[in-house]
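Per chain, numbering begins at 1; letters A, B, ... match sequence-line order.
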Protein chains: 2
Amino acid sequence: MTAPAEALKLTKNQTLVYRTLKSAEEPLSAYSILDQLRDEGFRAPLQVYRALEKLIEFGLIHRLESINSFVACRHPDCGTHEMAAFAICESCNRVIEINDAAMAGHLASLARNNGFSVSHSTIELRGLCDACRVH
Amino acid sequence: MTAPAEALKLTKNQTLVYRTLKSAEEPLSAYSILDQLRDEGFRAPLQVYRALEKLIEFGLIHRLESINSFVACRHPDCGTHEMAAFAICESCNRVIEINDAAMAGHLASLARNNGFSVSHSTIELRGLCDACRVH
DNA sequence: GCAACGGATGTAATAACATAACGTTTTGGA
DNA sequence: TCCAAAACGTTATGTTATTACATCCGTTGC
């Protein structure tokens with residue numbers, strides 16, 4: 001499921017969507033990806049959503065639930081995507097991806113203590129990055 | 001902003017929406033709240049969304065971003081809503097609200113170390129509660 | 001080669017979630 | 001009482017996501 005991007009054979013649509021996300025400065029919504037890919041022949045949301053679904057499955061991108069958008073993973077081959085945290089700057093919209101094993105462990109055991117077994121986590125922080133806080 | 005429910009004077013619409021959420025077993029979407037309140041005179045989504053917005057502001061309810069739904073807060077007067085975590089059972093849809101200061105601190109300092117100042121966090125775990133895992 | 005199958009695709013329609021814009025009513029001080 | 005702020009009602013619209021159905025295309029087994 002998780003693998004280096006080069007090792008996977010992506011389809012045409014998957015490649016186009018992935019490339020779009022990788023070259024973006026900020027997270028993109030499905031519809032803004034669609035708009036960017038009109039010239040490549042995309043006509044319908046489903047073309048985007050289907051590609052997004054696969055890319056998430058491959059561990060190449062993440063969905064940011066709190067802003068209904070998607071970003072390329074910064075460490076697509078690191079394997080530990082299940083508890084990644086994302087800091088989303090409300091000023092510049094850029095995202096910092098944080099992978100911290102200690103936090104993941106803490107959160108997982110917290111869940112366990114509450115009688116819960118986690119299969120997937122959403123950790124998203126909203127606020128300001130340093131660059132934007134200064135200005 | 002955060003206060004015991006009784007200390008706040010909620011408007012009619014806010015009261016109706018809050019009561020609906022408090023008596024629900026699981027998180028509700030805005031539109032399902034709307035449906036439940038048709039008999040009370042609700043006609044439009046905005047009536048619900050406006051009430052929800054205020055109730056969140058008052059710290060009486062939480063929004064669950066990963067499922068576009070809302071739940072009544074289990075500890076409305078505890079004050080520390082900014083870093084609550086939610087475990088959402090994918091089988092029974094029930095939610096466990098977890099308020100853990102250590103985790104909040106850990107996550108906040110993690111963000112700080114990454115040059116980020118957090119104003120609001122979304123922490124949502126998907127998986128199975130004990131009751132559902134057994135069956 | 002070619003039938004059969006599964007995965008990927010194309011397209012249209014629609015469902016689900018959320019807000020803009022406008023005017024009116026209510027409420028709570030000065 | 002008067003004013004301003006907040007809440008409300010209504011319509012329309014914007015945004016995000018999925019259902020349903022037909023087609024295409026590469027792989028596998030014969």
>> For the CG atom on B:Asp39, are there more than 12 heavy atoms of other groups (residues, nucleotides or ligands in this structure) within a distance under 6.0 Å?
In response: no

> Closest heavy-atom contact between B:Asn114 and A:Ile96?
Replying inline: O-CD1, 3.5 Å

> Going from CG on B:Leu28 to CG on B:Asn68, what distance comes out if it is rounded to the nearest 0.5 angstrom?
Replying inline: 13.0 Å

> What does the inter-axis angle of the helix from C:dG1-D:dC30 to C:dA30-D:dT1 come out as, five pairs per end, nearest 10 degrees?
Replying inline: 30°

> Considering residues at least two apart in sequence or located in another chain, which fulfil the salt bridge (charged side-chain N to carboxylate O under 4.0 Å, His left out) criterion with B:Arg19?
Replying inline: none

>> Testing the basics here: between B:Arg74 and B:Val95, what is the closest heavy-atom pair and its distance to 0.1 Å?
In response: NH2-O, 3.1 Å

Between the protein and nucleotides 24-30 of chain C, which nitrogen or oxygen pairs are less than 3.5 angstrom apart?
{"unit_1": "C:dG28", "atom_1": "OP1", "unit_2": "B:Lys9", "atom_2": "NZ", "d": "2.5"}

>> Looking at C:dT9, I'd like to know if its phosphate oxygens (OP1 or OP2) sit under 4.0 Å from a side-chain N or O belonging to A:Gln47.
In response: no

> Under the side-chain contact (heavy atoms from CB on, under 4.5 Å) test, which residues partner A:Glu40, sequence neighbours left out?
Replying inline: A:Leu16, A:Leu37

Could you list all N or O pairs between the protein and nucleotides 14-17 of chain D that sit under 3.5 Å apart?
{"unit_1": "D:dA17", "atom_1": "OP1", "unit_2": "A:Arg63", "atom_2": "NH2", "d": "2.8"}
{"unit_1": "D:dA17", "atom_1": "OP1", "unit_2": "A:Asn68", "atom_2": "OD1", "d": "3.4"}
{"unit_1": "D:dA17", "atom_1": "OP2", "unit_2": "A:Tyr49", "atom_2": "OH", "d": "2.9"}
{"unit_1": "D:dA17", "atom_1": "O5'", "unit_2": "A:Tyr49", "atom_2": "OH", "d": "3.3"}
{"unit_1": "D:dA17", "atom_1": "N7", "unit_2": "A:Tyr31", "atom_2": "OH", "d": "2.6"}
{"unit_1": "D:dA17", "atom_1": "N6", "unit_2": "A:Tyr31", "atom_2": "OH", "d": "3.1"}

>> Quick test of your reading: applying ring pair (Phe, Tyr, Trp, His ring centres under 6.0 Å), list the pairs with at least one residue in residues 83-115 of chain B, sequence neighbours left out, ordered by first then second residue.
In response: B:His62-B:Phe86

>> One pair to check against side chain to side chain contact (heavy atoms under 4.5 Å, CB included): B:Ser91 and B:Cys129. What are the steps and the verdict?
In response: CA-CA 8 Å; B:Ser91 169; B:Cys129 69; over 6 Å; no

>> So if I take residues 86-94 of chain B and measure heavy-atom distances to DNA chain C, which residues fall below 4.0 Å?
In response: none

>> Expressed as a whole number of angstroms, how long is the span from B:Glu53:CD to C:dA18:P?
In response: 12 Å

> CG of A:Leu16 versus C1' of C:dG10: gap in Å, rounded?
Replying inline: 15 Å

>> Does a side-chain N or O of B:Lys12 approach OP1 or OP2 of D:dC8 to a distance below 4.0 Å, or not?
In response: no

> Got a sec, which residues hit side-chain contact (heavy atoms from CB on, under 4.5 Å) with A:Ser69, two or more places apart in sequence or on another chain?
Replying inline: A:Pro27, A:Ser29, A:Ile67

> When the nearest nucleotide of DNA chain D is assigned to B:Gln14 and to B:Arg43 on a heavy-atom basis, which residue is associated with the more 5' position?
Replying inline: B:Gln14

> Taking all atoms of both residues into account, what is the closest heavy-atom pair of B:Glu97 and B:His75, and its distance?
Replying inline: OE2-ND1, 3.5 Å

>> For a quick test of reading the model, state the closest non-hydrogen atom pair linking B:Thr122 to B:His120 and the distance between them.
In response: OG1-CE1, 4.0 Å

>> Just the rounded figure in Å: distance from P of C:dA15 to CG of B:Leu34.
In response: 16 Å

>> Suppose the criterion is salt bridge (charged side-chain N to carboxylate O under 4.0 Å, His left out): which pairs have a residue in residues 122-135 of chain A, not counting sequence neighbours?
In response: A:Glu90-A:Arg126, A:Asp130-A:Arg133

> For B:Ala72 and B:Tyr18, which heavy atoms make the closest approach, and how far apart are they?
Replying inline: CB-CE1, 4.3 Å

> Between atom CZ in A:Phe42 and atom P in C:dA8, what is the gap in whole Å?
Replying inline: 14 Å

> Looking only at atom types and distance, does a side-chain atom of B:Gln14 sit under 3.5 Å from a main-chain N or O of B:Thr11, one as donor and one as acceptor?
Replying inline: yes

>> Suppose clustering is done on Ile, Leu, Val, Met, Phe, Trp and Tyr with side-chain heavy atoms closer than 4.5 Å. Which residues sit in the same group as A:Leu128?
In response: none

Give me the distances for all protein-to-nucleotides 19-21 of chain D N/O pairs that come in under 3.5 Å?
none

Let me check something: any side-chain donor-acceptor pairs from residues 42-53 of chain B under 3.5 Å, sequence neighbours excluded? List them with distances.
{"unit_1": "B:Gln47", "atom_1": "OE1", "unit_2": "B:Arg43", "atom_2": "N", "d": "2.6"}
{"unit_1": "B:Gln47", "atom_1": "OE1", "unit_2": "B:Ala44", "atom_2": "N", "d": "2.9"}

